[in-house]
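Atoms within each ligand, like the ligands themselves, are counted from 1 in listed order.
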Amino acid sequence: MSFTTNATIASFGGKLLKLSHEAKSTNCTMGLNLYLPPQAEKGKVPVLFYLSGLTCTGDNCAEKGFFQHKASEKGIAVVYPDTSPRGLNVEGEDESYDFGTGAGFYVDATREPWNKGYNMYSYITSELPSALFDAFSDKLDADRVSLTGHSMGGHGALTIFLRNPGKYKSCSAFAPIANPINAPWGQKAFKGYFGEEDKGKWKEHDATELVKKWPKEQTLDLLIDVGTGDNFYKQGQLLPENFVDAAKEAGVADKVKLRFQPDYDHSYYFMASFADEHVEYAAKFLEA
Ligand SMILES: N[C@@H](CCC(=O)N[C@@H](CS)C(=O)NCC(=O)O)C(=O)O
């Protein structure tokens, strides 16, 4: 599947490409940003997927997350996908900021009418990477891929990583929704996309539930930052302690690092402040 390049922007010595493509899984045209560091001019570079939070497109982090700074130095490409399908005209998709448009929650909906295109799990784990590694086969290394993300995207990064042991080199998260089945944002989304009957399905996309199933023989190394001034943390939307407690109970918490960063809020000032460290962290595993 080919991409249209809508803009090419110089950034930290590399190029930020504003791309769009027709996606089958989401049933619409999807926009995204791809940052190619200068090293991609000479050969394949590893790839870091940054999954965004509620209301975002691929632009928010590309413009103000400052991941390109360290990615350029380390020679890592960064993919900034969108957060949902757009313009499907599903009734109710634009009624609230935390469900529907901009709020795909990185799941494949099973409930009508959302299953017509709210399939962000398949899009992020399969269709988008296949299309990118095909179209940029001389620049992107399909065997070295890591995940990071913020809030709903932190939930996406953690759950996609935990559901696919061995597929990704590393995972980190900023203020992730770490136990969505026990938080208002997650409950609203899972009720809408899966319905209320099958709570087993909810658990399949809950990081705190998934970590209990992580294979003990495989080291679980995660970096999670949460700001103490984050109102969504204070409101119980994120619940990172539940995740760490579950990892401890499952005996896999040795390398799960949860850091509370004093005073930081939920905004991109927070991501920009720690972006270098998260790229540095991914670089270790990506051998970049
Ligand atoms: N609009 C929501 C907040 C949504 C929100 O904070 N979204 C975060 C991700 S969960 C974000 O990154 N927003 C876009 C931005 O700050 O650029 C509200 O008013 O409560």
Mind checking whether H150 and Y268 have parallel, tilted or perpendicular rings, split at 30° and 60°?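 Geometry flag for Y268 against H150: perpendicular rings.
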Should the pair F274 and Y264 be assigned to parallel (<30°), tilted (30 to 60°) or perpendicular (>60°) ring geometry?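 Judged by the thresholds at 30° and 60°, the geometry between F274 and Y264 is perpendicular.
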Ligand-residue contact atoms, ligand 1 with [X], heavy atoms, under 4.0 Å:
{"X": "C56", "result": "11 (C), 12 (O), 13 (N), 14 (C)"}
{"X": "S151", "result": "10 (S)"}
{"X": "K64", "result": "15 (C), 16 (O), 17 (O)"}
{"X": "F232", "result": "3 (C), 6 (O), 20 (O)"}

So, for atom 19 (O) of ligand 1, does the protein have a heavy atom nearer than 4.0 Å?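 Not a single protein heavy atom is under 4.0 Å away.
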Any idea which part of H266 is under 4.0 Å from ligand 1, heavy-atom wise: side chain, backbone, both or neither?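 Only the side chain of H266 comes within reach of ligand 1.
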Just verifying a value: how many Å separate Y123 OH and D108 CG, rounded to the nearest 0.5 Å?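 Nearest 0.5 Å value for the OH-CG distance: 13.5 Å.
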What do you reckon, are the aromatic ring centroids of F285 and Y281 less than 6.0 Å apart?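 Judged by ring-centre distance (under 6.0 Å), F285 and Y281 do meet the cut-off.
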Can you see whether N33 engages D59 through a side-chain donor-acceptor pair at a distance of less than 3.5 angstrom?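 Yes, side-chain donor-acceptor contact under 3.5 Å.
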Show the atom names and distances, to 0.1 Å, of all donor-acceptor pairs under 3.5 Å that link a side chain in residues 171-193 to residues at least two apart or in another chain.
| residue | atom | partner | partner atom | Å |
| --- | --- | --- | --- | --- |
| S172 | OG | T148 | OG1 | 2.9 |
| S172 | OG | H278 | ND1 | 2.8 |
| N179 | OD1 | N182 | ND2 | 3.0 |
| N179 | OD1 | N242 | ND2 | 2.9 |
| N179 | ND2 | D206 | OD1 | 3.2 |
| N179 | ND2 | D206 | OD2 | 3.0 |
| W185 | NE1 | Y97 | OH | 3.0 |
| Q187 | NE2 | I181 | O | 2.9 |
| K188 | NZ | S96 | OG | 3.1 |
| K188 | NZ | D98 | OD1 | 2.6 |
| Y193 | OH | G100 | N | 3.0 |
| Y193 | OH | A103 | O | 2.8 |

Nearest-contact summary for atom 7 (N) of ligand 1 - protein heavy atom, Å: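 It is L54 O, 3.0 Å.
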